[in-house]
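In this text the structure is predicted, and so the values were computed from the model without any measurement.
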Amino acid sequence: MTTRPRRPATKSDAPVGTTSVRKFSDNALAQMLFGPHNSHLERIERQLGVVLNGRGNSVAISGGAESTADAIRVLDDLYALLQQQGHLETADVDGILRMTQAGAATDDGLSLQTRKRRIAPRTPVQAQYLDAMNKHELVFGLGPAGTGKTYLAVAKGVTLMMEGVVDRIILSRPAVEAGERLGFLPGDLKDKIDPYLRPLYDALHDMLPGDQVAKKIAAGDIEVAPLAFMRGRTLANSFVILDEAQNTTTMQMMMFLTRMGENSRMVVTGDLTQIDLPSGTKSGLLDAVETLEGIGDIGFVRFSHLDVVRHSLVAKIIKAYEKRKGLKP
């Protein structure tokens with residue numbers, strides 16, 4: 001799906017065409033929609049090539065017919081999001097803009113409601129990823145950091161556990177990048193492995209209250225463990241995530257994939273451009289992709305720098321490195 005190019009507009013360069021006025025019923029929400037000092041409106045202007053003038057609870061939109069229609073859709077979607085979650089972040093604005101410019105539906109029933117927040121796809125590929133997790137018991141999410149691969153997988157697991165579809169969530173990753181050599185680190189085993197699992201804890205705390213996370217971990221409903229702890233187990237009635245899978249060996253990957261039991265789902269995430277294994281050691285993720293991609297029951301979703309949903313500079317940094325290394329964006 002391609003993005004239509006837009007010519008940025010300025011207040012002194014109002015595009016000729018359609019002028020429409022959009023009114024919103026709640027004045028307080030309308031002000032949040034506009035953003036601090038109209039920052040959200042300015043963001044929409046730059047991306048869609050329109051001019052927006054907000055006053056009270058209404059916005060006047062000036063621009064070409066297509067751009068004006070897109071701006072109205074963005075404003076309506078953002079207002080609906082405000083009504084649901086009561087606040088609006090810059091990332092929400094960017095996400096809905098990105099989906100609109102790609103001609104994709106901003107929800108399509110793919111959003112996830114966790115205890116703390118509603119999570120919706122912010123790029124078309126994120127929408128494909130959520131759809132793949134709905135349709136397949138095993139999904140591979142491949143691509144650079146900041147694209148939401150792990151975050152969305154954790155959100156899906158939390159949602160399914162809240163709905164009673166699975167009994168527990170198991171989050172795993174290689175404890176360290178090349179061989180899980182933990183002995184030289186200070187502290188007991190938990191102290192040694194926790195730093196490598198911290199991103200998974202962070203995602204959990206973004207979706208569940210802290211006391212619930214602690215209780216569910218204590219009860220075994222949520223398990224965060226290094227990959228080595230998966231050996232010899234059969235994981236039934238579980239949502240299982242393997243993060244940073246590019247740093248597994250082929251044997252580790254095969255061991256992990258064969259842990260799947262009855263009523264279980266697995267998501268494997270990783271970035272094949274960031275393999276930290278010793279020279280000459282083949283990535284288990286790369287081997288799995290080459291081996292399994294022809295199996296129709298398995299979902300494969302590939303992200304790129306276009307799907308980065310962190311700070312806007314992150315996408316530019318990733319693109320620059322890809323270009324320098326001769327990698328395909």
Side-chain angles (χ1 to χ4, degrees), residues 1-113 117-128 130 147-148 305-316:
M1 205 174 288
T2 57
T3 301
R4 299 189 298 272
R6 303 284 184 186
R7 181 179 66 85
T10 65
K11 292 289 184 183
S12 60
D13 182 28
V16 177
T18 305
T19 298
S20 298
V21 176
R22 210 65 169 171
K23 284 192 173 183
F24 302 97
S25 57
D26 189 310
N27 281 23
L29 290 182
Q31 294 306 307
M32 295 170 68
L33 173 64
F34 300 167
H37 307 293
N38 289 334
S39 59
H40 295 161
L41 296 185
E42 290 173 2
R43 226 170 172 81
I44 297 169
E45 285 181 328
R46 287 195 300 270
Q47 290 297 314
L48 298 184
V50 295
V51 172
L52 305 178
N53 290 297
R55 180 174 296 178
N57 65 337
S58 64
V59 184
I61 308 117
S62 301
E66 183 180 356
S67 297
T68 299
D70 283 349
I72 290 171
R73 178 183 167 193
V74 168
L75 290 167
D76 286 348
D77 286 347
L78 288 172
Y79 187 75
L81 183 59
L82 265 171
Q83 289 177 309
Q84 291 175 352
Q85 65 184 26
H87 66 276
L88 203 59
E89 301 173 2
T90 300
D92 295 321
V93 180
D94 289 342
I96 287 178
L97 276 167
R98 195 181 290 113
M99 296 290 280
T100 299
Q101 288 182 292
T106 55
D107 194 321
D108 266 356
L110 295 172
S111 63
L112 304 171
Q113 185 63 55
R117 63 191 306 167
R118 173 183 173 273
I119 297 167
R122 290 177 172 173
T123 74
V125 178
Q126 284 194 350
Q128 292 173 23
L130 288 171
T147 52
H305 68 275
L306 298 174
D307 302 296
V308 172
V309 292
R310 292 180 183 169
H311 193 285
S312 58
L313 272 178
V314 175
K316 295 177 182 178

Could you give the distance from [atom1] ([X]) to [atom2] ([Y]), rounded to the nearest 0.5 Å?
{"X": "L78", "Y": "T100", "atom1": "CG", "atom2": "OG1", "result": "8.0 Å"}
{"X": "I119", "Y": "S111", "atom1": "CD1", "atom2": "OG", "result": "9.5 Å"}
{"X": "L82", "Y": "L75", "atom1": "CG", "atom2": "CG", "result": "11.0 Å"}
{"X": "L48", "Y": "T68", "atom1": "CG", "atom2": "OG1", "result": "9.5 Å"}
{"X": "D70", "Y": "Q101", "atom1": "CG", "atom2": "CD", "result": "7.5 Å"}
{"X": "R55", "Y": "N53", "atom1": "CZ", "atom2": "CG", "result": "8.0 Å"}

Is it true that the side chains of T147 and D307 contain a donor and an acceptor less than 3.5 Å apart?
no
Show me, pair by pair, the donor-acceptor contacts under 3.5 angstrom made by side chains of residues 23-33, not counting sequence neighbours?
from : atom 1 : to  : atom 2 : distance (Å)
S25  : OG     : Y79 : OH     : 3.2
D26  : OD1    : A28 : N      : 2.9
D26  : OD1    : L29 : N      : 3.0
Q31  : NE2    : G56 : O      : 2.7

Across all chains, not counting sequence neighbours, the side-chain hydrogen bond (donor to acceptor under 3.5 Å, both in side chains) partners of Q85 are D92
What are the two closest heavy atoms between [X] and [Y], and how far apart are they?
{"X": "G148", "Y": "Q126", "answer": "CA-NE2, 4.0 Å"}
{"X": "V50", "Y": "A71", "answer": "CG2-CB, 4.2 Å"}
{"X": "S58", "Y": "V21", "answer": "CB-CG1, 4.1 Å"}
{"X": "V308", "Y": "R98", "answer": "O-NH2, 3.6 Å"}

Below 4.5 Å, heavy atoms only, C-beta onward: do [X] and [Y] meet side chain to side chain?
{"X": "L52", "Y": "N38", "result": "no"}
{"X": "R118", "Y": "L112", "result": "no"}
{"X": "M99", "Y": "I96", "result": "no"}
{"X": "V59", "Y": "I61", "result": "yes"}

With sequence neighbours left out, which residue pairs that include part of residues 27-59 fulfil the ring pair (Phe, Tyr, Trp, His ring centres under 6.0 Å) condition?
none
Might you work through the salt bridge (Lys or Arg N to Asp or Glu O under 4.0 Å) test for R22 and D76, ending with a clear yes or no?
CA-CA 9 Å; R22 210 65 169 171; D76 286 348; 2.6 Å; yes
Take R43 and T90, measure what side-chain contact (heavy atoms from CB on, under 4.5 Å) needs, and give me the verdict at the end.
CA-CA 9 Å; R43 226 170 172 81; T90 300; 3.2 Å; yes
